[in-house]
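Worksheet for the structure shown next.
All values below come from the heavy atoms of this structure, side chains included, with hydrogens, waters and symmetry mates left out. Throughout, a chain's letter reflects where its sequence line sits, starting with A, and its residues are numbered from 1.
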2 protein chains.
Amino acid sequence: MSQRNIAGTDQLTAATETDDCPLPEVLALIGGKWSAQVLVELGRGPRRFTQLERAIEGISRRMLTLSLRDLERSGLVTRTVYPDAPPRVEYATTALIDEIREPLEALSAWARHAAPAITAARQAFDEGRREA
Amino acid sequence: MSQRNIAGTDQLTAATETDDCPLPEVLALIGGKWSAQVLVELGRGPRRFTQLERAIEGISRRMLTLSLRDLERSGLVTRTVYPDAPPRVEYATTALIDEIREPLEALSAWARHAAPAITAARQAFDEGRREA
DNA sequence: CAGCATCCGGGTCGATACTG
DNA sequence: CAGTATCGACCCGGATGCTG
């Protein structure tokens, strides 16, 4: 909390003091290996299945399907089938996501900015272990 | 980031358009089953090993050790041993965490606020599947 | 095109027992 | 008190092959 705003402390207290903090559930939902990337990609606009598959790089059909199903089931993503031939399915984000996008991006920004420090810390830690 | 600043859109674009978005790495670090809760608990102040073990509820010694090691290795947590008998070890957060606390709390706030909608969506989805 | 079914290897996690 | 060591169950996730 670099710029500790006035109301920030209350927020912090609220989020920190409740013991039924549902953070684990969110992380279970978007903390999977691919869910976050699917969300990010869909945040750029509606996408078709194969579009996502190509955009995400490294994801398998299976995992993409599972991730999409989970997100759809949880109401974060909609799935619309157009009765065309060949079949066409479009995925899009729901309003629920609009409110999580900012925190997610803040997290992503932190990741970019903290990455060097983390890498350095790990190297230092590992070297310390080796000479011990 | 409750107060959406003017540059917010740029942040969004920056976080969304880069393809080397390191979100997965962050999630790998704090997305584990226990790491987030450890961070939250340590956010309340320095804690000893057994204190954490009792506070977190359901965590095993093994998982607590592994989580703490990973966080320590990544520079998010410090571990200080006091040469006492009986042994005494204290864990605390580092400055790196101060900057991730806000996003984490925003996420937690979203979780609390979105939980009902998510639960409802899941029930609706599951019922739809059953009658199909 | 957009999936589902199946198999299978590896890593995660919990339980338990032991140590400085 | 603050861990480590070992074992085993489980689940995630990749590879492959088959459908409407």
Side-chain angles (χ1 to χ4, degrees), chain A residues 23-39 41-42 46-74 77-92 125-126 128-130 132, chain B residues 23-39 41-42 46-74 77-92 125-126 128-130 132:
Chain A
L23 230 176
E25 281 90 302
V26 202
L27 293 173
L29 179 57
I30 62 151
K33 194 176 181 182
W34 304 106
S35 304
Q37 294 176 70
V38 171
L39 251 35
E41 185 59 27
L42 282 182
R47 295 291 137 103
R48 302 178 53 174
F49 188 89
T50 309
Q51 268 183 307
L52 288 170
E53 189 182 0
R54 277 187 300 238
I56 290 189
E57 174 107 25
I59 197 171
S60 62
R61 269 181 185 74
R62 169 184 157 82
M63 279 302 105
L64 181 54
T65 301
L66 290 181
S67 301
L68 285 170
R69 279 291 171 279
D70 194 29
L71 293 172
E72 183 199 359
R73 185 175 102 96
S74 304
V77 158
T78 63
R79 174 177 181 271
T80 42
V81 182
Y82 297 92
D84 302 0
R88 184 167 139 249
V89 179
E90 255 193 17
Y91 292 91
F125 185 91
D126 294 347
R129 297 257 63 172
R130 198 179 323 122
Chain B
L23 230 177
E25 282 90 301
V26 202
L27 292 174
L29 179 56
I30 62 151
K33 195 175 181 184
W34 305 107
S35 303
Q37 293 176 71
V38 171
L39 250 35
E41 184 60 27
L42 282 181
R47 294 289 136 103
R48 302 177 55 173
F49 187 89
T50 309
Q51 269 182 307
L52 289 170
E53 189 181 0
R54 277 188 300 237
I56 290 187
E57 174 108 23
I59 197 171
S60 63
R61 269 181 185 73
R62 171 185 155 81
M63 278 302 104
L64 181 54
T65 301
L66 290 181
S67 301
L68 285 170
R69 281 289 172 281
D70 193 29
L71 292 173
E72 184 198 0
R73 186 176 102 96
S74 304
V77 158
T78 62
R79 173 178 181 271
T80 42
V81 183
Y82 297 91
D84 300 2
R88 184 166 140 249
V89 180
E90 256 194 14
Y91 292 92
F125 185 90
D126 294 346
R129 294 259 64 170
R130 198 179 323 122

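Rounded to whole Å, atom P of D/dG3 lies 16 Å from atom CZ of B/Arg47. Remark: P of C/dC1 and CD of A/Glu90 are 15 Å apart, rounded to the nearest angstrom. In this structure, the CG atom of A/Leu68 is 7 Å from the P atom of C/dG3, given to the nearest Å. In this structure, B/Asp84 places its CG atom 10 Å from P of D/dA2, rounding to the nearest Å. In this entry the distance linking CD of B/Glu72 with C1' of D/dG3 reads 13 Å, nearest Å. What separates CG of B/Leu29 from C1' of C/dT12 is a distance of 16 Å, to the nearest Å. Atom CD1 in A/Ile59 sits about 14 Å away from atom C1' in C/dA2, given to the nearest Å.
Checking D/dG13, C/dC13, C/dG3 against the side-chain heavy atoms of B/Lys33 singles out C/dC13 as nearest. Considering only the side chain of B/Arg69, D/dT4 comes nearest among D/dT4, D/dG13, C/dC1. Distance from the side chain of B/Thr50 is smallest to D/dA2 among D/dG14, C/dG3, D/dA2. Closest approach to the A/Phe49 side chain among C/dA2, D/dC1, D/dA2 is made by C/dA2 (side chain taken as heavy atoms from C-beta onward). Of the candidate nucleotides D/dT4, D/dT6, C/dC1, C/dC1 has the atom lying nearest to any side-chain atom of A/Arg48. Side chain of B/Arg62, nearest nucleotide from D/dG13, C/dG14, D/dG3: C/dG14.
The side-chain hydrogen bond (donor to acceptor under 3.5 Å, both in side chains) test applied to A/Arg79 returns A/Tyr91, not counting sequence neighbours.
Within the 4.0 Å cut-off from OP1 or OP2 of C/dT16, not a single side-chain nitrogen or oxygen of B/Arg61 is found. The shortest distance between the side-chain N/O atoms of B/Arg79 and the OP1/OP2 oxygens of D/dG3 is below 4.0 Å. For A/Tyr91, a side-chain nitrogen or oxygen approaches OP1 or OP2 of C/dG3 to under 4.0 Å.
Using a 4.0 Å cut-off between charged side-chain N and carboxylate O, A/Arg47 and A/Glu41 make a salt bridge.
With rounding to the nearest 0.5 angstrom, the CG atom of B/Asp70 is 6.0 Å from the OG atom of B/Ser35.
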